[in-house]
*Asks:* 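Here it is, the structure in full.
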Amino acid sequence: MASLPKIYDPQEIEGKWHQFWQNNGFFHAEATSDKPPYAIVIPPPNITGSLHIGHALDNTLQDCLIRWKRMQGYNVLWMPGTDHAGIVTELIMERKLAEEGTSRNALGREKFIERMWQWKDESAGYIVSQLQKLGCSCDWERERFTLDEGLSEAVRTAFVKLYNEGLIYRDTYMVNWCPQCNTAVSNLEVEPIEIDGNFYHIRYPVIDSDVMLEIATTRPETMLGDTAVAVHPDDERYQHLIGKKVLLPLSNREIPIIADEYVDTEFGTGALKVTPAHDVNDYEIGLRHDLEQRTIFTQDGYINEKAPKKYVNLSRWDCRKKVVEDLENENFLVKIVPHRHAVGHHDRCNTVVEPAISLQWFMNVRPLAERAIEATKKGEVTFIPERETTRFFHWMENIEPWPISRQRWWGHRLPIWYCNACEAVTAAMDTPQQCECGATDFHQDEDVLDTWFSSGLWPFSTMGWPEETDELNTFYPTSVLVTGWDILFFWVARMIMLGLGCMDEVPFRKVYLHGLVADEKGQKMSKSKGNSIDPLETIADYGTDAFRFALANTSTPIPYVPLLESQIEAGKRFTNKIWNAARFILMNLEKFPVPAENAEMTEGQELLEIQWIQSRLSHTIKTATDAIENFRFYEMAQTLYAFLWHEFCDWYLEFAKQRLSKNEPEALWVAADVLEQMMRLLHPIIPFLTEEIWQQLPHGGNNPTANDNASVTVAPWPEPIGENPTAEATMTNIMEVIENIRSIRGELNVPIGASVEVHIQSPNTEDRKRLETYLEQYLPAFTRVSNITIAESLPKPSASAEAVIGDLAIYIPLAGVIDFEAEKARLTKRYDQTVKDVAAAQKTLENPNFIERAPEKVVAQKRELLERLLVEQEKLARSLTMLSS
RNA sequence: GGGCGGGUAGCUCAGGUGGCUAGAGCGACAGCCUUACAAGCUGUAGGUCACAGGUUCAAGUCCUGUCCCGCCUACCA
């Protein structure tokens with residue numbers, strides 16, 4: 001220990017502790033226990049490579065809660081795992097395959113899945129090691145994966161159950177289709193992006209008339225699939241045309257003019273081309289009027305043979321160009337008007353999605369959504385921040401059927417079998433033996449489930465459901481879910497619904513939705529934007545602890561939390577500060593070891609600085625605990641930071657030094673005790689360094705149980721022992737005096753080496769007594785003084801600087817050193833400020849209503865303030881007059 | 001179109017139920033290698049709390065309106 005380096009090197013320290021914790025089983029949760037349970041399931045990271053900044057924040061906050069509760073004596077479970085993540089992971093693999101010169105289709109389903117599992121093994125291992133590097137105290141023995149055997153059984157069980165309850169069904173309906181991924185996707189996976197497009201005004205000639213009906217569209221190519229033109233039934237402009245037909249340009253098909261209330265007479269030309277196969281609204285209109293659904297696109301977004309020959313095999317975009325060109329040539333195009341509008345893109349591959357009619361599996365989520373709303377209203381789940389509840393309700397109240405089948409390979413195959421003989425549909429855990437028709441041959445549905453289906457079961461599938469396990473009994477519903485607000489609908493809402501559907505109970509009691517990490521401009525950090533901070537690089541540069549501190553310290557409850565490099569630096573400086581405070585204490589403890597018995601320590605309890613620091617610590621414990629209890633991580637971090645740095649280091653350790661110079665070790669021993677408690681308080685945020693220091697500090701003292709604990713990880717969470725307002729008030733006075741003396745020295749440039757005399761005039765006997773007792777003890781620790789005089793009344797020495805604190809005056813004779821102009825300026829500034837403050841206080845007190853209606857306490861405080869200010873004002877005025885003469 | 005969040009020091013942000021003279025970190029300026037820490041210490045400067053009204057004895061905090069910024073949501077072709 002003798003040679004602790006001056007600069008804290010996180011790389012030296014952080015590496016060794018994870019293994020130590022792991023070997024001692026501190027993170028392991030008991031399936032049955034007398035302790036109260038506390039459980040969090042990790043939002044399983046996608047196996048798509050490395051951890052990003054969002055994971056770092058999310059998991060840091062979870063680890064803070066978990067470590068805190070563990071120290072509080074709970075039976076803590078943090079369930080870890082990863083998510084197969086369906087399409088995203090497939091896309092990554094497809095990119096790899098392309099680099100290798102092959103493709104998904106070339107490999108075939110079986111080989112492709114094999115490659116995916118290889119990838120999973122690498123990626124999941126890498127992610128776990130990164131989480132461990134971040135200090136995450138998950139119960140790693142329980143690690144799960146959404147596609148592993150147990151979870152797959154849970155998925156099949158849930159599916160079959162919901163199918164049997166009639167909530168899962170197959171239907172032909174209009175869905176969002178991704179021509180790139182060749183699959184249906186849900187509304188949530190479609191991201192509307194504003195683009196600059198055009199309004200194409202096109203003339204449709206009305207048959208048996210010389211009238212041209214003008215329509216406007218943003219997607220002219222879809223006119224190849226038009227099967228009607230619609231106008232509003234009350235639109236006088238078009239009344240006479242309803243029931244007639246138009247000749248569809250380019251296709252030369254006759255299509256009817258129909259009347260439908262959906263049409264907005266104000267918008268465009270008031271006439272709407274109807275393409276039931278390629279637009280959601282047109283689809284609805286088509287159903288109402290029994291129109292043909294003319295699909296003109298292939299699944300990958302090319303024109304099929306339902307369109308006129310010349311367009312077949314063109315891409316969507318080429319077709320649009322060609323159609324516009326032809327319309328212009330044939331004089332059907334009226335005009336092109338620029339028009340900005342939102343176009344849906346697949347959030348995974350960024351391709352423009354195509355509304356398409358398709359046979360898919362759906363889940364009717366409405367009944368479960370209603371239960372979820374009810375449960376939330378009853379307080380079975382609460383959202384933090386509260387505003388998220390509104391968003392949740394709004395989504396739930398307007399929820400639509402969830403298309404759950406994906407025409408992909410990587411995922412849970414639907415547990416649906418079709419009879420080869422009669423096509424009867426069976427939902428079952430395994431291949432059925434025999435169909436009702438007597439046949440015994442079946443084929444399983446080719447599709448896989450939306451990846452969110454399996455993650456929706458995560459809180460109970462990871463605990464062994466559908467078996468009735470001890471884990472479920474002990475930990476379900478879990479205590480809290482921590483995740484970003486951006487996946488409230490994708491994931492949180494579905495977990496609540498599926499939890500109610502499968503377990504008859506919500507999956508968690510609280511949902512803490514934190515902000516998304518952003519850069520200094522408030523832009524969300526993302527790899528694609530290139531504004532992202534890489535957690536691993538950051539950890540390498542600053543250390544995990546510093547990084548975690550910065551994350552906790554910036555995590556305010558706003559939607560986008562900016563994380564600045566400078567804040568991570570601040571974190572690093574803080575860890576260094578802690579390191580050095582510990583160094584100081586440990587070095588001195590070698591000279592003055594803490595006595596085995598506490599008896600000798602009681603003697604020191606009389607010391608004001610000890611009473612003060614213990615009171616402040618007590619206050620800090622209370623504030624920090626309250627903060628984390630309410631998910632105010634930033635407040636917890638800031639409270640601990642401010643106390644440790646600005647009270648403990650800046651003041652208390654200076655007091656302790658002073659005592660040590662007189663061979664009085666009590667204050668040091670208390671410093672060691674305070675630091676030990678601080679290590680416990682900081683441990684949830686700063687796990688590694690606090691363990692390192694805690695191991696070296698004596699932790700028997702006032703914490704008798706700690707001797708049995710081998711780690712701060714399982715040391716008890718500190719309890720406040722009570723505050724001492726008298727000691728705090730006295731100390732505040734002393735500090736004020738010291739600060740004023742420092743201020744004079746600083747502003748008048750008195751060299752640090754120069755000793756000064758301090759004359760203090762104080763009319764109050766009590767104050768004088770206190771100052772006499774403490775000032776001589778403390779002052780030398782903070783500034784160089786040659787002599788301190790304290791008296792009821794004192795003449796102001798000529799050529800002296802002055803400070804005023806209420807009725808107390810401090811004079812520092814500076815003959816030969818003082819710059820009278822500078823002193824005058826200094827006092828004038830203070831005087832001006834005091835005059836302002838006096839005026840404000842007077843104004844309030846002169847209002848009779850204030851005296852009458854404000855609480856007595858507030859009035860008394862104001863009076864006291866004014867009194868003090870008036871005294872200060874008078875003193876300053878007198879001194880200024882003297883200076884001027 | 002609806003809804004939500006934000007506008008406080010040069011920058012990034014705190015300021016639960018209205019009440020101490022509006023705070024922190026970073027940055028700026030000045031001075032210090034004071035025997036834990038120069039990744040440090042000390043001091044200083046810097047804010048009509050977006051704007052306009054209102055409620056109140058009292059408003060950064062509550063209400064109304066306005067202006068910006070951001071986000072979520074919606075089928076306007």
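By convention in this document, chain letters (A, B, ...) are assigned in the order of the sequence lines, proteins followed by strands, and residues within each chain are numbered from 1.
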*Asks:* Counting just side-chain N and O atoms, does A:K862 come under 4.0 Å of either OP1 or OP2 of B:U21?
*Replies:*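 Answer yes for this pair, as a side-chain N or O of A:K862 is under 4.0 Å from OP1 or OP2.
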
*Asks:* Over 60° means perpendicular and under 30° means parallel, so classify the ring planes of A:Y641 and A:H646, tilted if in between.
*Replies:*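 Judged by the thresholds at 30° and 60°, the geometry between A:H646 and A:Y641 is perpendicular.
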
*Asks:* With a 4.0 Å cut-off on heavy atoms, is A:L272 in touch with a base, just the backbone sugar-phosphate, or nothing at all?
*Replies:*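 Base, at least one base heavy atom under 4.0 Å.
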
*Asks:* Counting only side-chain N and O atoms of A:Y634, is one of them less than 4.0 Å from OP1 or OP2 of B:G15?
*Replies:*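 Affirmative; the distance criterion is met.
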
*Asks:* Using atom P of each nucleotide, how far apart are B:G31 and B:G47 to the nearest Å?
*Replies:*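 One P to the other, the span is 23 Å.
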
*Asks:* Which whole number of Å gives the distance between the P atom of B:A58 and that of B:C20?
*Replies:*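 Roughly 15 Å separates the two P atoms.
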
*Asks:* Need one value for A:E654: base, sugar-phosphate or nothing, where a base atom within 4.0 Å counts as base even if backbone is also close, heavy atoms only.
*Replies:*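 Touches a base.
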
*Asks:* Within this structure, what is the CG-to-C1' distance between A:L644 and B:G25, rounded to whole angstrom?
*Replies:*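 One finds 16 Å between C1' of B:G25 and CG of A:L644, rounded.
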
*Asks:* Scan A:H646 against the nucleic acid and name what it touches under 4.0 Å (heavy atoms): base, sugar-phosphate only, or nothing.
*Replies:*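 Sugar-phosphate, backbone atoms only, no base.
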
*Asks:* Can you check the A:I738 CD1 to B:C41 C1' distance for me, whole Å?
*Replies:*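 So the CD1-C1' distance, A:I738 to B:C41, works out to 15 Å.
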
*Asks:* Check whether any side-chain N or O of A:R391 sits under 4.0 Å from OP1 or OP2 of B:C4, and answer yes or no.
*Replies:*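 Answer is no, no contact under 4.0 Å.
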
*Asks:* Is there a side-chain contact between A:S743 and the phosphate of B:G43, meaning an N or O under 4.0 Å from OP1 or OP2?
*Replies:*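 Result: no.
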
*Asks:* Just the rounded figure in Å: distance from C1' of B:C11 to CD of A:E569.
*Replies:*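 In whole Å, B:C11 C1' lies 14 Å from A:E569 CD.
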
*Asks:* For residues A:F655 and A:F648, establish whether the separation of their ring centroids is below 6.0 Å.
*Replies:*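 Ring centroids of A:F655 and A:F648 are no less than 6.0 Å from each other.
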
*Asks:* Should the pair A:R573 and A:F549 be classed as cation-pi, given the thresholds of under 6.0 Å to the six-membered ring centre and 45° from the axis?
*Replies:*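 The answer is no, since A:R573 fails at least one limit relative to A:F549.
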
*Asks:* Of A:T390 and A:K521, whose closest RNA chain B nucleotide lies nearer the 5' terminus?
*Replies:*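 The residue closer to the strand's 5' end, by nearest nucleotide, is A:T390.
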
*Asks:* For A:E520, which contact category applies under a 4.0 Å heavy-atom criterion: base, sugar-phosphate, or nothing?
*Replies:*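 Sugar-phosphate contact only - A:E520 comes under 4.0 Å of backbone atoms but never of a base.
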
*Asks:* Using a 3.5 Å limit on both pairing distances, list the dot-bracket string of RNA chain B from the 5' end; Watson-Crick and G-U wobble pairs count, crossing pairs take [ ], interstrand pairs take |.
*Replies:* ((((((((.[[[[.)...(...]]]].(((((.......))))).....[[[[[..)....]]]]])))))))....

*Asks:* Compare side-chain N and O positions of A:R573 against OP1 and OP2 of B:G40 and report whether any pair is under 4.0 Å apart.
*Replies:*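 Checking A:R573 against B:G40: at least one side-chain N or O falls below 4.0 Å of OP1 or OP2.
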
*Asks:* Please check the phosphate of B:G3 (OP1 and OP2 only) for any side-chain N or O of A:W395 closer than 4.0 Å.
*Replies:*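 For B:G3, OP1/OP2 do not have a side-chain N/O of A:W395 under 4.0 Å.
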
*Asks:* Check A:K273, A:R320, A:H278 against A:T222 for a side-chain hydrogen bond (donor to acceptor under 3.5 Å, both in side chains) and give me the one that passes.
*Replies:*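 Going through A:K273, A:R320, A:H278 one by one, the side-chain hydrogen bond (donor to acceptor under 3.5 Å, both in side chains) with A:T222 is satisfied by A:K273 alone.
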
*Asks:* Counting only side-chain N and O atoms of A:K857, is one of them less than 4.0 Å from OP1 or OP2 of B:C20?
*Replies:*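 No, because none of the side-chain N or O atoms of A:K857 sits under 4.0 Å from OP1 or OP2 of B:C20.
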
*Asks:* Tell me whether A:D519 is salt-bridged to A:K521, with the criterion being a basic N under 4.0 Å from an acidic carboxylate O.
*Replies:*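 Not counted as a salt bridge, because no side-chain N and carboxylate O are separated by less than 4.0 Å.
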
*Asks:* With distance as the sole criterion, do the side chain of A:Y560 and the base of B:C71 form a donor-acceptor contact below 3.5 Å?
*Replies:*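 Side chain to base: no pair below 3.5 Å.
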
*Asks:* With P as the reference atom in both, quote the distance from B:G7 to B:G16 in angstrom, rounded to an integer.
*Replies:*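 Going atom to atom, P in each nucleotide, I get 13 Å.
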
*Asks:* May I ask you to verify if any side-chain N or O of A:K572 is less than 4.0 angstrom from the OP1 or OP2 atom of B:A39?
*Replies:*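 No, because none of the side-chain N or O atoms of A:K572 sits under 4.0 Å from OP1 or OP2 of B:A39.
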
*Asks:* Is any side-chain N or O of A:H339 closer than 4.0 Å to OP1 or OP2 of B:A77?
*Replies:*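 Looking at the OP1 and OP2 atoms of B:A77, one of them is under 4.0 Å from a side-chain N or O of A:H339.
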
*Asks:* Let me spell it out: for each of A:E739 and A:I851, pick the nucleotide of RNA chain B with the closest heavy atom. Which residue's pick is nearer the 5' end?
*Replies:*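 Taking each residue's closest nucleotide, the earlier one in sequence belongs to A:E739.
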
*Asks:* Is the shortest side-chain N to carboxylate O distance from A:R830 to A:E802 below 4.0 Å?
*Replies:*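 Salt bridge absent between A:R830 and A:E802.
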
*Asks:* Check every strand shown and say whether A:W579 touches a base, only sugar-phosphate, or nothing at a heavy-atom separation below 4.0 Å.
*Replies:*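 The answer is nothing, as A:W579 stays clear of every strand by at least 4.0 Å.
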
*Asks:* Do the side chain of A:K577 and the base of B:C37 come within less than 3.5 angstrom through a donor-acceptor pair of N or O atoms?
*Replies:*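 Side chain to base: pair found, below 3.5 Å.
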
*Asks:* Please work out if A:L564 contacts a base, only the sugar-phosphate, or nothing of the nucleic acid, heavy-atom cut-off 4.0 Å.
*Replies:*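 Here A:L564 touches the backbone only, sparing every base.
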
*Asks:* Tell me the interatomic distance from A:L845, atom CG, to B:U21, atom C1', rounded to whole angstroms.
*Replies:*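 It is 14 Å, rounded to the nearest whole Å.
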
